[in-house]
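First the proteins, then the strands, lettered A, B, ... as listed; each starts at 1.
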Protein chains: 2
Amino acid sequence: MLRLSTKGQYGVRAMFEIARGYPDKPISIKGIAERQDVSVAYLEQILNKLKNGGLIRSVKGPGGGYVLSKKPADVSISAILNELEGPVAITSCLDPEEGCVRVDGCVTYMLWKSLGEKIDAFLRTVTLKDLASGTLFKKNLKLKIKNSK
Amino acid sequence: MLRLSTKGQYGVRAMFEIARGYPDKPISIKGIAERQDVSVAYLEQILNKLKNGGLIRSVKGPGGGYVLSKKPADVSISAILNELEGPVAITSCLDPEEGCVRVDGCVTYMLWKSLGEKIDAFLRTVTLKDLASGTLFKKNLKLKIKNSK
DNA sequence: GAATACTTGACAATTTTACTAAGGTATTTT
DNA sequence: AAAATACCTTAGTAAAATTGTCAAGTATTC
């Protein structure tokens, strides 16, 4: 359950590739497609959204590609996924574009709201820099050791 | 993004209703359907899964219905969703029934794994008793006040 | 035996996902 | 200027998942 669409997954992986060229080496769709094993046509859709969201800018012509708008440490996974798939919304009640039909005291409303907030809080703490440096892996290891005591 | 299916949502609401009859008053599908505004036929499917998972037991005949197998404080949201939709698996790599094609060092593997673990850890802490008592709401309020200082 | 209520499996409509296709625009190099 | 590179945009579509419905049971109680 709670599967993330491939669009979101590929988007994060593509942003990771683009981050590697920061600040001045544009990364082409073709290059990303090869290294991350995703079709060029599908990536075009994804990167277009990220560009419109202002997370990356494009450089046309030979030698062109995409460049991160901000430094990797300032680009969170939350920002990427928000642009591609909208905000976390466990239920339709919590989707700003939909809303709740059962306005009355729904017993689960707070549950899903809290869960969504926790998820987004986590995704905001992880950045492209963390992916590149493997920080996340280390953090996780530390936590495991701590817990096993 | 990260929408939970209606099956999972209705399942939790149904379990909440059943919890209200614990330990000795069976709650009928019809009653749940009316109070939670879900069709009887759809609930049948859902409750059947929960029954096979051992979370509830059924009582046939007039006055029958479903009864919780354990006390509300021992039934976590995680257990309910696990039964209805399988474990949290943000990506197919992390689904025990699928697996990862890109076995090599995938940069995002740890990210999705950590997120999944965090989600499940939270869902394990919330029980049917919490839903009934509104504990979650109070916890959340406390947190907000703390943060706003 | 009539009423209540759970049991089971099949199936169908709708929506979402996960792409592909095709043609266009902008920039650089030769 | 022409060719090559690479981004840009919209439309369409097959497969899968979701979200149910339907029908024909079985078990229990009154």
Does any non-hydrogen side-chain atom of [Y] lie less than 4.5 Å from one of [X]?
X	Y	answer
Asn82(A)	Pro87(A)	yes
Ile80(B)	Leu128(B)	yes
Met15(A)	Leu131(A)	no

Checklist line | Whichever of Glu85(A) and Gly65(B) has its nearest DNA chain C nucleotide further upstream toward 5' | finding: Gly65(B)
The criterion is salt bridge (Lys or Arg N to Asp or Glu O under 4.0 Å); which residues satisfy it with [X], sequence neighbours excluded?
X	answer
Lys70(A)	none
Arg124(A)	Asp120(A)
Glu17(A)	Arg20(A), Arg35(A)

Ignoring backbone atoms, establish whether [X] has a side-chain N or O less than 4.0 Å from OP1 or OP2 of [N].
X	N	result
Ser5(A)	dT17(C)	no
Tyr10(A)	dT17(C)	no
Ser28(B)	dT4(C)	no

Notebook entry, point to check: Is a donor on one side and an acceptor on the other found under 3.5 Å between the side chain of Thr127(A) and the backbone of Asp74(A)?
Noted result: no
Notebook entry, point to check: Between Ile46(A) and Lys7(A), which heavy-atom pair has the shortest distance, and what is it?
Noted result: CG1-CG, 3.8 Å
Notebook entry, point to check: Taking all non-hydrogen atoms of both residues, which atom of Phe122(A) and which atom of Leu115(B) are closest, and how far apart?
Noted result: CD2-CD1, 3.6 Å
Take atom [atom1] of [X] and atom [atom2] of [N], then tell me their distance rounded to the nearest Å.
X	N	atom1	atom2	value
Ile56(B)	dC6(C)	CD1	P	10 Å
Arg57(B)	dC6(C)	CZ	P	13 Å
Ile18(B)	dA5(C)	CD1	P	14 Å

Check: Heavy-atom contacts under 4.0 Å between residues 40-49 of chain A and DNA chain D, which residues?
Finding: Glu44(A), Gln45(A), Asn48(A)
Margin query: Counting the atoms with a prime plus P, OP1 and OP2 as sugar-phosphate, which does Lys51(B) contact under 4.0 Å by heavy atoms, base, sugar-phosphate, or nothing?
Written below: sugar-phosphate
Check: Earliest and latest nucleotide of DNA chain D, 5' to 3', sitting under 4.0 Å from a non-hydrogen atom of chain B?
Finding: dT19(D) to dT29(D)
Check: Got a salt bridge between Arg3(A) and Asp95(B), using NZ or NE/NH1/NH2 to carboxylate O under 4.0 Å?
Finding: yes
Mind listing the N/O atom pairs, protein and nucleotides 26-28 of chain C, below 3.5 Å?
residue, atom, partner, partner atom, Å
dA26(C), O4', Lys60(A), NZ, 2.9

Margin query: Taking side-chain contact (heavy atoms from CB on, under 4.5 Å) as the criterion, tell me which of Leu2(B), Ile90(B), Leu81(B), Leu84(B) meets it with Met1(A).
Written below: Leu81(B)
